[in-house]
2 protein chains.
Amino acid sequence: MIKYSVVIVDDHTLLSQAIAAMVNTFEKFKVLYTCKNGQELVDQFSSSPKFIPDVVLMDINMPIMNGIETTEWITKNHQDVNVMALSVEDEDTTILKMLKVGAIGYLLKDTEKSVLENALVEIAENGFYHTKNVTNLLMKSLSGNGKEEIILNDRQVAFMKHACSELTYKEIADIMCLSPKTIDGYRDVLFTKLNVKNRVGLVMYAIKNKIYTP
Amino acid sequence: MIKYSVVIVDDHTLLSQAIAAMVNTFEKFKVLYTCKNGQELVDQFSSSPKFIPDVVLMDINMPIMNGIETTEWITKNHQDVNVMALSVEDEDTTILKMLKVGAIGYLLKDTEKSVLENALVEIAENGFYHTKNVTNLLMKSLSGNGKEEIILNDRQVAFMKHACSELTYKEIADIMCLSPKTIDGYRDVLFTKLNVKNRVGLVMYAIKNKIYTP
DNA sequence: TATAAAAAAGGTGTTTTTCCTGTATAATTA
DNA sequence: TAATTATACAGGAAAAACACCTTTTTTATA
């Protein structure tokens, strides 16, 4: 029986090894190799056609070259390779980003073994797989029904980062070379835009959305 | 051959299943079951002595009951069980906390399969295992070179958690059934104790030290 | 270039936070 | 038992945060 080849990309060696072993127990699949980050995968792909698999299981948070960048590279240069995101992240914006750059599936790491197997089969044979939450997200996204994604501009992002420090707004104003009143404005706009009540809300939003990393 | 029994605690089902499968390939080990969080483990332990393993592989970041709280519970109630932390975290304070509450080993998730096996053998047979970075950390800590640890009591921890929400101090006072002035006191004490300037500082401390998980 | 939109800044007032200095009381300990 | 410590609470003042509403300046663009 011809098995579909799989490559796993994850910076946590132990996990990629463990998942590789698991995938190898699946009847229809065989792990070609694993990578620690996107750069390693690019190198492998480029070295020989032998190293181009049918499916890539892609983590998102990785050093050097993350899952989004890597997926973008794959779909540009190897359109026949199917990428499935495999992440701990449940953030709408992250999922949408992965799908936008060409991932055809998105699995959370807290799914069951059987779900992973089904997903791999779907992807290898039908070319797509989506969990319910992703499907719903896509529906919402298409129908414009879902939360329209909140986009912060550069200055707002800069402000948010400062807001996560122990600086007062006045001090933030000084650093950003703006009037305290302008900073007041930034804050007020973001309060309504992000739907938070106070500075703690800003901080939490920034952390959850990776604007600031503690 | 009698195998050591292992329990794996990790909120990412796929990962705990994969690691479980891996551990089951180790000659001397056998996975009893896996848990999604500390609460599940406590329930299992409490239900029957059959479900008390030789070794627990413990993730740190988990919902409901995290690795630190869970390890503390285990070492209090089941001193014969050896806990090894298995985390993506490389933070000194987190590692120290895990060791403080009784973990006898600390492994990062980006280690090799063979390292995990060796570590398990060491733990099961000798009762301890430490990677070099942990050993160095302990040396520093013992020689008094490391920062002396800050201990918060239960009510301070409760306050800290509330401080990470968007509640005002007055609202926190209501929830905790204390006078707003008492809450003022808690805050002021923690400001100096944790060496922070304002509420954002409290929030950051709480997050970094896993008192609050965003 | 006229004009609409966005960014920056100002005015004013309220609420919350922060920072003091104290008091009372129960528990701990010398 | 006396002293110490920890906890709960109070008053008041100054600083910061928050809210809302207006005006000026830039920027984009039709």
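All chains are named by letter (A, B, ...) in the order of the sequence lines, taking the proteins before the strands, and each is independently numbered beginning at 1.
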Using atom [atom1] of [X] as one end and atom [atom2] of [N] as the other, report the distance to the nearest whole Å.
{"X": "B/M176", "N": "D/dC9", "atom1": "CE", "atom2": "P", "answer": "11 Å"}
{"X": "A/D174", "N": "C/dA8", "atom1": "CG", "atom2": "C1'", "answer": "15 Å"}
{"X": "A/D188", "N": "D/dA16", "atom1": "CG", "atom2": "P", "answer": "18 Å"}
{"X": "B/N195", "N": "C/dT18", "atom1": "CG", "atom2": "P", "answer": "15 Å"}

For [range], give me one character per nucleotide, 5' to 3': B if any protein heavy atom sits under 4.0 Å from the base, S if the only such contacts are to the sugar-phosphate, - if neither.
{"range": "nucleotides 23-29 of chain D", "answer": "-------"}
{"range": "nucleotides 24-29 of chain C", "answer": "------"}
{"range": "nucleotides 10-17 of chain C", "answer": "BBB----S"}

Do [X] and [Y] have side chains that approach each other closer than 4.5 Å (heavy atoms only, starting at C-beta)?
{"X": "A/T75", "Y": "A/Q79", "result": "no"}
{"X": "B/K197", "Y": "A/L167", "result": "no"}
{"X": "B/M204", "Y": "A/E166", "result": "no"}

Could you check whether [X] pairs with [Y] (Lys NZ or Arg NE/NH1/NH2 to Asp/Glu carboxylate O, under 4.0 Å)?
{"X": "B/K30", "Y": "B/D54", "value": "no"}
{"X": "A/K109", "Y": "B/D11", "value": "no"}
{"X": "B/E125", "Y": "B/K28", "value": "yes"}

Discussion item. Using the side-chain contact (heavy atoms from CB on, under 4.5 Å) criterion, which residues pair with B/T13? Sequence neighbours excluded.
Written reply: A/D110, A/E112, B/Q17, B/K36

Practice prompt. Enumerate the residues from residues 154-164 of chain A whose closest heavy atom to DNA chain D is under 4.0 Å, giving them by residue number; use none for an empty result.
Written response: none

Do any side-chain atoms of residues 207-214 of chain B form donor-acceptor pairs under 3.5 angstrom with protein atoms, and if so which ones, sequence neighbours left out?
from: B/N209; atom 1: OD1; to: B/K97; atom 2: NZ; distance (Å): 3.2
from: B/N209; atom 1: ND2; to: B/Y205; atom 2: O; distance (Å): 2.9
from: B/K210; atom 1: NZ; to: B/N61; atom 2: OD1; distance (Å): 3.4
from: B/K210; atom 1: NZ; to: B/E89; atom 2: OE2; distance (Å): 2.4

Fill in: N/O (side chain, B/Y186) to phosphate O (OP1/OP2, D/dA8) under 4.0 Å
yes

Worksheet item: Should A/N153 be listed as having a side-chain N or O under 4.0 Å from OP1 or OP2 of C/dA6?
Response: no

Practice prompt. Show your working on side chain to side chain contact (heavy atoms under 4.5 Å, CB included) between B/L178 and B/Y186 and close with a plain yes or no.
Written response: CA-CA 11 Å; B/L178 292 169; B/Y186 276 69; 4.3 Å; yes

Practice prompt. Take atom CG of A/N153 as the centre, draw a 6.0 Å sphere, and report whether it contains more than 12 heavy atoms from other residues, nucleotides or ligands.
Written response: yes

Worksheet item: Does NZ or CZ of B/R187 come closer than 6.0 Å to the centre of the six-membered ring of B/Y169, within 45° of the ring's axis?
Response: yes

Discussion item. For a quick check under 3.5 Å, do B/E122 and B/N118 share a side-chain donor-acceptor pair by atom type?
Written reply: no

Practice prompt. Applying side chain to side chain contact (heavy atoms under 4.5 Å, CB included) between B/P53 and each of B/F45, B/F29, B/Y4, report the one that passes.
Written response: B/F45

